[in-house]
Each structure stands twice: as C-alpha cells, then as structure tokens.
Amino acid sequence: MSILVLSASLRPQSRSRVLARKVFECLQAEKATVETVDLRDFPLPFCDGDAAYEHENIARIQNTIHRASVILIGLP
C-alpha cells in the first residue's frame with residue numbers, strides 16, 4: 001500500500017502544512033511506503049478547463065495521485 005500526503009495550503013505559515021509534514025514523518029518512521037507533495041513546490045496554472053490540464057506540473061501531480069492507494073490531504 002502506498003500513501004500520499006498532500007499539503008494543499010499555499011500560505012507560508014500554514015499550520016496544515018506543518019501537520020502534513022508531521023504525518024509524513026510519522027509514516028516514514030513506521031516504514032510505510034509514503035510520498036509527499038507540497039503544492040507550494042509545484043506552481044500551477046489558473047484552471048481554464050482546457051490548456052491548464054496540459055501543464056507539466058499538473059501531469060506530475062496526477063501521476064503521483066494515481067500511484068497512491070491512500071491519499072491524506074492537509075487542507076487550510
């Protein structure tokens with residue numbers, strides 16, 4: 001089972017980002033197969049319902065999500 005921890009807050013002082021990071025670290029300590037994505041590390045285009053889906057960062061995040069069995073999302 002692979003676990004994805006996704007931090008969705010873009011705010012620099014985000015508490016949900018801190019929480020997502022802590023969850024990731026705890027899962028790593030338990031030897032889980034875990035990956036993390038922080039949306040601040042992936043500049044995303046404005047969603048226009050068309051060309052935005054072709055952006056390389058969208059494709060990278062989609063691939064990561066599709067590989068995961070479990071997704072934990074840290075929301076603001």
Side-chain angles (χ1 to χ4, degrees):
M1 172 172 59
S2 62
I3 303 169
L4 171 63
V5 179
L6 176 70
S7 176
S9 178
L10 302 179
R11 193 170 66 91
Q13 304 302 322
S14 169
R15 288 176 284 202
S16 61
R17 182 176 181 268
V18 171
L19 179 61
R21 187 74 189 154
K22 185 64 176 175
V23 167
F24 173 74
E25 291 169 0
C26 288
L27 289 168
Q28 272 190 319
E30 293 294 321
K31 306 293 187 220
T33 302
V34 63
E35 200 171 348
T36 187
V37 170
D38 186 338
L39 290 185
R40 290 191 322 166
D41 297 334
F42 295 88
L44 301 175
F46 181 75
C47 183
D48 60 4
D50 187 31
Y53 294 104
E54 302 301 320
H55 192 276
E56 70 178 289
N57 284 341
I58 296 291
R60 289 174 64 193
I61 293 170
Q62 280 179 332
N63 289 334
T64 304
I65 289 171
H66 287 291
R67 284 193 310 267
S69 303
V70 175
I71 303 170
L72 302 173
I73 305 173
L75 296 170

Check your understanding: Between Ala52 and Ile58, what is the shortest heavy-atom contact and its length?
Key -> O-CG1, 3.4 Å

Point to revise | Contacts of Leu75 that satisfy side-chain contact (heavy atoms from CB on, under 4.5 Å) - sequence neighbours left out | key: Ala8, Ile73

Exercise for review: Decide whether Val37 and Val23 are clustered together by the hydrophobic rule: side chain heavy atoms of Ile, Leu, Val, Met, Phe, Trp, Tyr closer than 4.5 Å, transitively.
Suggested key: no

**Study point:** Euclidean distance, Leu4 CG relative to Phe24 CZ, rounded to 0.5 Å
**Key:** 10.0 Å

Revision key, fill the gap. side-chain hydrogen bond (donor to acceptor under 3.5 Å, both in side chains) filter on Ser14, not counting sequence neighbours, yields Ser9, Ser16

**Study point:** Donor-acceptor contact below 3.5 Å, side chain Asn57 vs main chain Pro43
**Key:** yes

**Study point:** Set of side-chain contact (heavy atoms from CB on, under 4.5 Å) partners for Thr33, sequence neighbours left out
**Key:** Ser2

Check your understanding: Do Leu44 and Leu6 share a hydrophobic cluster (ILVMFWY, side-chain heavy atoms under 4.5 Å, transitive)?
Key -> yes

Practice item. Apply side-chain contact (heavy atoms from CB on, under 4.5 Å) to Val70 and list each qualifying residue two or more places apart in sequence or on a separate chain. Key: Met1, Ile3, Leu72

Review point. With sequence neighbours left out, what residues match Arg60 under salt bridge (Lys or Arg N to Asp or Glu O under 4.0 Å)?
Key: none

Check your understanding: Of all heavy-atom pairs between Pro12 and Arg40, which one has the smallest distance, and what is that distance?
Key -> CA-NH1, 3.0 Å

Review point. With a cut-off of 6.0 Å (strictly less than), are more than 12 heavy atoms of other residues, nucleotides or ligands near CZ of Phe42?
Key: yes

Review point. What pairs with Arg67 under salt bridge (Lys or Arg N to Asp or Glu O under 4.0 Å), at least two apart in sequence or on another chain?
Key: Glu35

Review point. Should Val5 and Ile71 be regarded as members of a common hydrophobic cluster, given that ILVMFWY residues are connected when their side-chain heavy atoms come within less than 4.5 Å of each other, either directly or indirectly?
Key: no

